[in-house]
Chemist: 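What follows is a structure written as structure tokens; I'll ask about it next.
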Amino acid sequence: AEMKRQGKPISALTAYDYSTSRLADEAGIDLILVGDSLAMVVLGHENTLSVTVDEMLHHTRAVHRAVRRALVVADMPFGSYHGTVPEGLANAIRFVKEAGAEAVKIEGPRIELVRALTEAEIPVVGHLGLTPQSIHRMGGYRVQARTAETVLQLKADAHALADAGAGALVLEGVPREVAAAITAELPVPTIGIGAGPDCDGQILVFHDLLNLTFAPAAKFVRRYADAGALIRSAIEHYREDVEHRAFPSDEESYHLPETVRRVLDSTHAATQKTGTLRKA
Ligand code: KIV
């Protein structure tokens, strides 16, 4: 909120484990989201729906152990807040208490739940627009809010979430103009993904940013490095070295201390001599 007041853009990135979160934190990222996108990019599921609370907790703990500076936000997975408000609240408490999350993210205009979480001192990040947990209702991953009616609805939902206490709002897959208008109207920061450059911050999926995915990138993704090619080539190089006995080298091997070597050499020489004498 302070960054929005100061007009400073917020950098956000997803991460799911110790080493990559540590790198993101050391690179100065402001907000790390343990996104339920881990279902797809880490666990290989077709969509985000099947990841469980226990899996999300496991990854949130790893991120929490790595991060010193960034705000750690845990994504509440599908089904963990779609029942009653007390159920959603109980699951959110687990992310804070058992895994070290400093805020939770929930998709959709779940106003009562946001109010309850806020009253329970749990900061909430809302998520509107293209909400991947609604894939079946949306009929696919489609850009949202393209008609006057849906734009007005999105704006109303954004205001309702902020009024209920949401501390920030992810806007995903919406036209730039809509995100810009909501950003200008809302007192809390908006963080865009596929929502144009006018949001208060931007978020990308770690694997998209580094080309660690196996499908063509969406229009809004910018690849900042080809880590996929780098990793594949390093592993191929390693395999070739093993196949050609070029790895490990003598320098990469442990050696016996000289004194032990001498003792073993003399024992060996003595054994050889005894053997020769016996034969004779
Ligand atoms: O799970 C995720 O990675 C997300 C971001 C795309 C915002 O929700």
Side-chain angles (χ1 to χ4, degrees), residues 9-17 20-21 24 29-53 55-60 62-63 70-82 91-92 95 99 101 103-110 114 123-135 138 140-145 154 158 161 166-174 179 182-183 188-196 199-213 215 217-224:
I10 300 164
S11 59
L13 186 64
T14 71
Y16 319 95
D17 63 22
T20 56
S21 312
I29 288 291
D30 297 313
L31 183 157
I32 295 182
L33 171 69
V34 189
D36 64 352
S37 48
L38 94 84
M40 299 168 79
V41 297
V42 175
L43 303 178
H45 292 292
E46 203 179 313
N47 55 47
T48 60
L49 301 181
S50 50
V51 71
T52 65
V53 170
E55 286 167 332
M56 292 299 299
L57 286 170
H58 173 79
H59 286 269
T60 305
V63 172
L71 183 78
V72 175
V73 181
D75 223 354
M76 302 256 313
F78 179 65
S80 68
Y81 60 97
H82 297 77
N91 280 322
F95 279 97
V104 295
K105 179 169 83 59
I106 58 175
E107 295 186 6
R110 295 178 188 274
V114 172
V124 188
V125 175
H127 184 162
L128 293 177
L130 192 171
T131 45
Q133 292 176 9
S134 317
I135 179 176
M138 294 182 308
Y141 297 114
R142 302 221 167 96
V143 175
Q144 302 292 300
L154 186 70
L161 281 172
L169 191 61
V170 169
L171 290 174
E172 178 167 357
V174 296
I182 292 176
T183 301
V188 299
T190 59
I191 302 185
I193 174 161
C199 295
D200 296 304
Q202 297 292 330
I203 185 162
L204 276 179
V205 168
F206 185 91
H207 292 61
D208 284 340
L209 180 131
L210 289 164
N211 195 19
L212 288 168
T213 56
K219 177 185 168 81
F220 60 83
V221 168
R222 189 181 295 176
R223 309 269 200 212
Y224 281 85

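By convention here, the first residue in the shown sequence is residue 1. Counting starts at 1 for both ligands and their atoms, in listed order.
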Chemist: Short list, please: which atoms of ligand 1 are under 4.0 Å from a heavy atom of Thr14?
Modeler: 3 (O)
Chemist: Find all atoms of ligand 1 within a distance of less than 4.0 Å from any non-hydrogen atom belonging to Asp75, and give their numbers and elements.
Modeler: 1 (O), 2 (C), 8 (O)
Chemist: Against heavy atoms of Leu33, which atoms of ligand 1 measure under 4.0 Å?
Modeler: 2 (C), 4 (C), 5 (C), 7 (C), 8 (O)
Chemist: Would you please name every residue forming a side-chain hydrogen bond (donor to acceptor under 3.5 Å, both in side chains) with His59, sequence neighbours left out?
Modeler: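 By the side-chain hydrogen bond (donor to acceptor under 3.5 Å, both in side chains) rule, His59 matches no residue at all.
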Chemist: Tell me whether Asp30 contacts the main-chain N or O of Ala12 through its side chain, where contact means a donor paired with an acceptor under 3.5 Å.
Modeler: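 No, because the side chain of Asp30 does not come within donor-acceptor range (under 3.5 Å) of the backbone of Ala12.
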Chemist: For His82, does the NE2 atom sit with more than 12 other heavy atoms under 6.0 Å from it, leaving out its own atoms?
Modeler: yes
Chemist: Test of understanding: with side-chain contact (heavy atoms from CB on, under 4.5 Å), list the residues that count as partners of Ile29, not counting sequence neighbours.
Modeler: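 Only Ser11, Leu13, Ala24, Ile32 meet the side-chain contact (heavy atoms from CB on, under 4.5 Å) criterion with Ile29.
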Chemist: Does Leu38 approach ligand 1 within less than 4.0 angstrom via side chain, backbone, both or neither, non-hydrogen atoms only?
Modeler: neither
Chemist: Side chain or backbone of Thr48 under 4.0 Å from ligand 1, or both, or neither, by non-hydrogen atoms?
Modeler: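 Contact part for Thr48 vs ligand 1: neither.
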Chemist: Looking at Tyr16 and Ala39, would you say the former's side chain and the latter's main chain have a donor-acceptor pair under 3.5 Å?
Modeler: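 Not a single qualifying donor-acceptor pair exists.
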Chemist: Counting both backbone and side chain atoms, is some N or O of Lys105 under 3.5 Å from an N or O of ligand 1?
Modeler: yes
Chemist: Using a strict 4.0 Å cut-off to heavy atoms of Ile193, name the atoms of ligand 1 that fall inside it.
Modeler: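 With Ile193 as reference, the close atoms of ligand 1 come out as 6 (C).
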Chemist: Suppose I only count heavy atoms of His127 and a 4.0 Å limit; which atoms of ligand 1 are within that range?
Modeler: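 Within the 4.0 Å cut-off of His127, ligand 1 contributes 8 (O).
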Chemist: So for ligand 1, is Glu107 a polar contact partner (N or O within less than 3.5 Å, distance only)?
Modeler: no
Chemist: Can you name the nearest heavy-atom pair linking Leu31 to Ile191, along with the distance?
Modeler: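 Heavy atoms only, the tightest pair is CD1-CD1, 3.9 Å.
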Chemist: Suppose I only count heavy atoms of Val205 and a 4.0 Å limit; which atoms of ligand 1 are within that range?
Modeler: 3 (O)
Chemist: Select the closest option to atom 3 (O) of ligand 1 among Gly35, Ser37, Gly192, Pro132, judged by heavy-atom distance.
Modeler: Ser37
Chemist: Thr14 side chain to Leu33 main-chain N or O, any donor-acceptor pair under 3.5 Å?
Modeler: no
Chemist: Would Glu172 count as a polar contact of ligand 1, with the cut-off being nitrogen or oxygen pairs under 3.5 Å?
Modeler: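 Between Glu172 and ligand 1, no N or O pair is found under 3.5 Å apart.
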Chemist: Please check if the side chain of Gln202 supplies one atom and the backbone of Gly196 the other of a donor-acceptor pair under 3.5 Å.
Modeler: yes
Chemist: Under the side chain to side chain contact (heavy atoms under 4.5 Å, CB included) rule, what do Phe78 and Thr48 come out as? Steps first, then yes or no, please.
Modeler: CA-CA 8 Å; Phe78 179 65; Thr48 60; 5.9 Å; no
Chemist: Just heavy atoms, cut-off under 4.0 Å: does Asp36 contact ligand 1 by side chain, backbone, both, or neither?
Modeler: both
